[in-house]
Amino acid sequence: MEKNALRQCRWHGYATIAGLEQAAAHEILRQAQEAVHHRGVFRLVLAGGVTPRGIYGLLRQAQADWGAWHIYFGDERCLPSEHPERNSRMAAETWLNHVAIPRHQIHVIPAERGAEPAAAAYAQTLSAVGEFDLVLLGLGDDGHTAGLFPDHTWGEKSGAPVAMAVHNAPKPPPDRVSLSAARLSASRAVIFLVSGEAKRQAVADWRSGRRIPASVITPVAGVDIFLGSALLS
Ligand code: 6PG
């Protein structure tokens with residue numbers, strides 16, 4: 001991984017998960033306030049998985065100019081829209097159903113249609129959207145992020161498709177839709193949310209400069225990784 005990309009990883013360690021969640025929620029709200037003040041809108045991409053749940057729960061309690069928020073998803077599992085394992089359902093139940101973000105400003109990936117049609121539909125949705133303001137991402141035990149898995153294509157080159165159909169994903173379900181690394185990198189800010197001993201090797205690989213899916217998310221301003229401080233030792 002070239003030097004400057006390594007340099008642009010800012011690691012923020014927290015002794016407790018509660019501390020990580022509070023810091024992340026605070027930073028999301030701070031960036032939202034700044035975006036709305038300067039541009040009248042806040043375009044946020046949500047991470048799936050389990051780690052963001054506590055942060056979304058804190059956002060549920062927050063005061064914000066929700067009418068200016070537009071919500072997107074970094075990836076979605078090809079399951080029925082109300083399936084308990086859907087990333088969109090987790091975000092809705094923990095947060096989005098409880099705040100006044102206009103429903104038409106919550107842009108769910110229609111992954112229930114199948115990977116290819118959903119990727120095409122979401123690329124159409126994003127064709128009218130420029131740079132995101134903030135992208136939230138998780139980190140898998142194998143270094144994956146969003147639906148970008150080792151031994152799969154990551155779409156990191158400019159000109160890569162905006163949204164990609166994913167098959168044979170090692171983390172079930174096998175069929176997903178993921179924004180490409182290039183599209184996830186087209187953001188003013190990117191925050192990774194990482195906790196749990198299972199992520200130790202992926203963090204060590206990343207910090208040693210090994211090329212993993214997370215490491216090819218390279219926004220101009222670099223990335224911030226909010227993680228359990230135990231993973232830094
Ligand atoms: C998903 C996510 C995936 C997730 C990581 C970390 O659909 O599962 O998009 O990329 O962020 O696997 O998941 P945890 O936060 O549950 O460890």
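Since we're looking at a predicted model, the values are computed, not measured.
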So do [Y] and [X] actually touch side chain to side chain, heavy atoms under 4.5 Å?
| X | Y | answer |
| --- | --- | --- |
| Glu197 | Leu231 | yes |
| Arg103 | Asn97 | yes |
| Leu46 | Ile71 | yes |
| Pro170 | His152 | yes |
| Leu134 | Phe42 | yes |

Can you check whether [Y]'s main-chain N or O pairs, donor with acceptor, with [X]'s side chain at less than 3.5 Å?
| X | Y | answer |
| --- | --- | --- |
| Ser187 | Leu184 | no |
| Arg200 | Ser233 | yes |
| Trp11 | Asp224 | no |
| His104 | Pro102 | no |
| Thr145 | Gly138 | yes |
| Arg207 | Asp205 | no |

Distance in Å, [X] [atom1] paired with [Y] [atom2], rounded so as to fall on 0.5 Å steps:
| X | Y | atom1 | atom2 | value |
| --- | --- | --- | --- | --- |
| Asp141 | His144 | CG | NE2 | 7.5 Å |
| Leu139 | Ile225 | CG | CD1 | 9.0 Å |
| Thr51 | Lys199 | OG1 | NZ | 4.0 Å |
| Leu29 | Gln33 | CG | CD | 8.0 Å |
| Leu126 | Tyr72 | CG | OH | 7.0 Å |
| Ser178 | Ile109 | OG | CD1 | 7.5 Å |

Does [atom1] in [X] sit with more than 12 non-hydrogen atoms of other residues, nucleotides or ligands closer than 6.0 Å?
| X | atom1 | answer |
| --- | --- | --- |
| Gln124 | CD | no |
| His167 | NE2 | yes |
| His98 | NE2 | yes |
| Ile17 | CD1 | no |

Walk me through whether Arg176 and Lys171 qualify under side-chain contact (heavy atoms from CB on, under 4.5 Å). CA-CA 10 Å; Arg176 292 163 172 261; Lys171 177 179 182 181; 3.6 Å; yes
Is [Y] reachable from [X] through a run of hydrophobic residues whose side-chain heavy atoms are each under 4.5 Å from the next?
| X | Y | answer |
| --- | --- | --- |
| Met90 | Leu79 | no |
| Tyr14 | Leu232 | yes |
| Val45 | Leu58 | no |
| Tyr122 | Ile106 | yes |
| Phe149 | Val203 | no |

Would you check, one step at a time, whether the test side-chain contact (heavy atoms from CB on, under 4.5 Å) holds for Ile28 with Leu59? CA-CA 9 Å; Ile28 293 163; Leu59 293 174; 4.3 Å; yes
Parallel, tilted or perpendicular: which one describes the rings of Trp95 and Tyr56, with boundaries at 30° and 60°?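 Answer is tilted, since the angle falls between 30° and 60°.
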Under 4.0 Å between a side-chain nitrogen and a carboxylate oxygen: does that hold for Asp133 and Arg39?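 Between Arg39 and Asp133 there is a salt bridge, with a charged N closer than 4.0 Å to a carboxylate O.
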Nearest heavy-atom pair of [X] and [Y]: which atoms, and what distance?
| X | Y | result |
| --- | --- | --- |
| Glu116 | Ala165 | OE2-CB, 3.5 Å |
| Ala163 | Ala119 | CB-O, 3.6 Å |
| Cys78 | Gly114 | SG-C, 4.1 Å |
| Ala24 | Leu193 | CB-CD2, 3.8 Å |
| Gly74 | Ala146 | O-CB, 3.9 Å |
| Ala115 | Val177 | O-CG2, 3.6 Å |

Pick one: which of Arg183, His107, His70 meets side chain to side chain contact (heavy atoms under 4.5 Å, CB included) with Val129?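 For Val129, the side chain to side chain contact (heavy atoms under 4.5 Å, CB included) test succeeds with only one of Arg183, His107, His70, which is Arg183.
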Applying the side chain to side chain contact (heavy atoms under 4.5 Å, CB included) test to Leu148, which of Ile217, Asp75, Val166 qualifies?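 For Leu148, the side chain to side chain contact (heavy atoms under 4.5 Å, CB included) test succeeds with only one of Ile217, Asp75, Val166, which is Ile217.
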Can you list the steps and then say if Trp206 with Ser215 is a side-chain contact (heavy atoms from CB on, under 4.5 Å)? CA-CA 6 Å; Trp206 193 354; Ser215 69; 3.8 Å; yes
Please walk me through it: do Leu44 and Phe132 pass side-chain contact (heavy atoms from CB on, under 4.5 Å)? CA-CA 6 Å; Leu44 172 65; Phe132 297 125; over 6 Å; no
Under the salt bridge (charged side-chain N to carboxylate O under 4.0 Å, His left out) rule, collect the residues that match up with Arg89, sequence neighbours excluded.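 Listed in chain order: Glu93.
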Contacts of Arg86 that satisfy salt bridge (charged side-chain N to carboxylate O under 4.0 Å, His left out) - sequence neighbours left out: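 Per chain and number, Arg86 pairs via salt bridge (charged side-chain N to carboxylate O under 4.0 Å, His left out) with Glu76, Glu112.
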Are the aromatic ring centres of Phe192 and Phe226 under 6.0 angstrom apart?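 No, ring centres 6.0 Å or more apart.
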